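Note on naming: letters A, B, ... go to the chains in the order of the sequence lines (proteins, then strands), and numbering restarts at 1 for each one. For clarity, every value in this text was computed on a predicted model and none was experimentally measured.
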Protein chains: 2
Amino acid sequence: MATSTVENYLKATLLHEQENDGIVPMGALVEALGVVPGTVTTMVKAMAAQGLMEHESRQGVRLTPVGRALALGVLRKHRLVETFLVRTLKMDWSEVHDEAEALEHAVSNRVLERIDEFLGHPTADPHGDPIPNQEGVIADTATQVTMQGCAINKSLQVTRILDQSPDFLAYVQDTGLKPGTRVKVLRREEASGVVRCETKIGHEIALGLTAAAKIVVGAVA
Amino acid sequence: MATSTVENYLKATLLHEQENDGIVPMGALVEALGVVPGTVTTMVKAMAAQGLMEHESRQGVRLTPVGRALALGVLRKHRLVETFLVRTLKMDWSEVHDEAEALEHAVSNRVLERIDEFLGHPTADPHGDPIPNQEGVIADTATQVTMQGCAINKSLQVTRILDQSPDFLAYVQDTGLKPGTRVKVLRREEASGVVRCETKIGHEIALGLTAAAKIVVGAVA
DNA sequence: AAGTCTATTTTGAATACTCGAAATGCAAGC
DNA sequence: GCTTGCATTTCGAGTATTCAAAATAGACTT
Ligand SMILES: [Mn+2]
Ligand SMILES: [Mn+2]
Ligand SMILES: [Mn+2]
Ligand SMILES: [Mn+2]
């Protein structure tokens, strides 16, 4: 049984592998886990010895199939717990991350599957991030379109927030562009880099291209 | 910021203080926590140094007010989580203890109070054990009567199981004498030490005095 | 080729928890 | 009073995780 620390390293590595390609540099784990570089080196060596990851000296790490399976399990717990906290316990979608960060290590598979059933097998968490199923398969997100690249004047809805930093989450909360909200992109002003959209009819919001690129939109249900 | 280990020591000490009177011998903690005696001595000294308990050498320990307050918080988490797992996630009342044993250390107060509200502020867990309120006050249980001492031929219901060992829990499950079940004690055969009762009319069950003493009964709601 | 910069590794030490085994204190019995 | 027995403590050691600080390997410059 992997300790919480090991589970956190696995999840951080998986997340980085998903966002970027190839090997995960040690520095990425230093950043994600908030520890000093030497600590990561020590932990990584231990985990490599356990067969959870491969360590290329001076390069970084890569999950082994065993490590990836475990990491997907942790990610599934994290996202199902977040969904549960928001949907069932009515917690604010912007405050559940830290809670899930701790609970993901304490929820057994038995409890997890009851939660999954209770929620009706959701496929995305409150931030719109896909929830791996029991076999570790994640729904395809390659075709997702952001407010930076979506169709103009089409009625859509926010389905996912790609930047989970407290700052951006607060911004999304403010503008009301939370997952589930209806939006229509009115026009993009190339020169200024401003994207204009409306949530309620007549209520116009302007946001920068970088922000727009972090908000995934999709067809309304 | 007590670690899970410290929280477990606190809870075990509180539970022993509640069942018995006076100082808690080291051996009781050895037993409850499943560690060797030397480990308890080490931990107890560390916790005494932190002001969580008082350690009388060769005698045992006693919680300080600070330690007791923390212990009550852990107990509250444990019992509310158990209640939640049974009532909301439909888990078996006999299998929730181990889950709660881990979750009690991962559930934040914020999440706990949402669970408490969601459940409608329950006062007893699935085993009938009282749930401390937010201030650490536990409902009085001094007046509780067991099947060993209750009135004869009176329609009652099981309200609490005092022995939580897997064996006894399985026995209770078998006989159907779970909390909530209606029972009527028909007679007690002093000589043989057999207590005869019925759950459904016409369905008679015989149990020993020791078992009867572990099943608390009360008036039907 | 030599120098510089930065990511990573190494080293030494600390904290929290644990064990096994040896030592010890104390109460009870002889 | 001395011996036993059991509970408790002490001692030495190991695992997991962490940090600070010094050493080093590579990549990138000049
Ligand atoms: Mn975590
Ligand atoms: Mn999320
Ligand atoms: Mn516990
Ligand atoms: Mn209970």
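Nearest-nucleotide positions on DNA chain D place A46(A) closer to the 5' end than the other of A46(A) and Q59(A). Where S57(A) and T42(A) meet DNA chain D, the nucleotide closest to each residue was compared, and T42(A) sits on the side nearer the 5' end.
Taking a cutoff of 4.0 Å between a charged side-chain nitrogen and a carboxylate oxygen, E95(A) and R110(B) qualify as a salt bridge. A salt bridge links E113(A) with R76(A); the closest basic N to acidic carboxylate O contact falls under 4.0 Å.
dT8(D) atom P lies 14 Å from atom CG of L33(B), rounded to whole Å. For the pair L10(B) CG and dC17(C) P, the interatomic distance rounds to 11 Å; values are reported in whole Å. One atom, CZ of R58(B), and another, P of dC26(C), lie 7 Å apart when rounded to the nearest Å. Between the C1' atom of dT8(D) and the CD1 atom of I23(B) lies a distance of 13 Å, rounded to the nearest Å. The CE-C1' distance, from M43(A) to dT8(C), rounds to 17 Å in whole Å. As a whole-Å value, the separation of M26(A) CE from dT10(C) C1' is 12 Å. Rounded to whole Å, atom C1' of dT17(D) lies 13 Å from atom CD of Q50(A). The distance between atom CE of M47(B) and atom P of dC17(C), rounded to the nearest whole Å, is 9 Å.
In this structure, the ring of F118(A) has its center no less than 6.0 angstrom from the ring center of F84(B).
Taking the side chain of V36(B) as heavy atoms from C-beta on, and the options dT8(C), dG20(C), dT8(D), the nearest nucleotide is dG20(C). With distances taken from any side-chain atom of P37(B) to the nucleotides dT24(D), dT8(D), dC17(C), the minimum falls on dT8(D). Among the nucleotides dT8(D), dT8(C), dT10(C), the one closest to the side chain of K45(A) is dT10(C). The V35(B) side chain lies nearest to dT18(C) when the options are dT9(D), dT8(C), dT18(C). When distances run from any side-chain atom of T5(B) to the nucleotides dT24(D), dT8(D), dT18(C), the shortest one goes to dT18(C).
Side chain of T181(B) to backbone of G176(B): a donor-acceptor contact under 3.5 angstrom is found.
Distances shown here put every side-chain N or O of H55(A) at or beyond 4.0 Å from the OP1 or OP2 atom of dT8(C). Taking 4.0 angstrom as the limit, Y9(A) places a side-chain polar atom (N or O) nearer than this to OP1 or OP2 of dT18(D). Listed pair T39(A) / dT18(D) fails the phosphate criterion, with no side-chain N or O lying under 4.0 Å from OP1 or OP2.
With no hydrogens or angles considered, a side-chain donor-acceptor pair links D163(A) and S165(A) at under 3.5 Å.
Among the heavy atoms of the strands lying under 4.0 Å from G27(A) are primed sugar atoms or P, OP1, OP2 only; no base atom is included.
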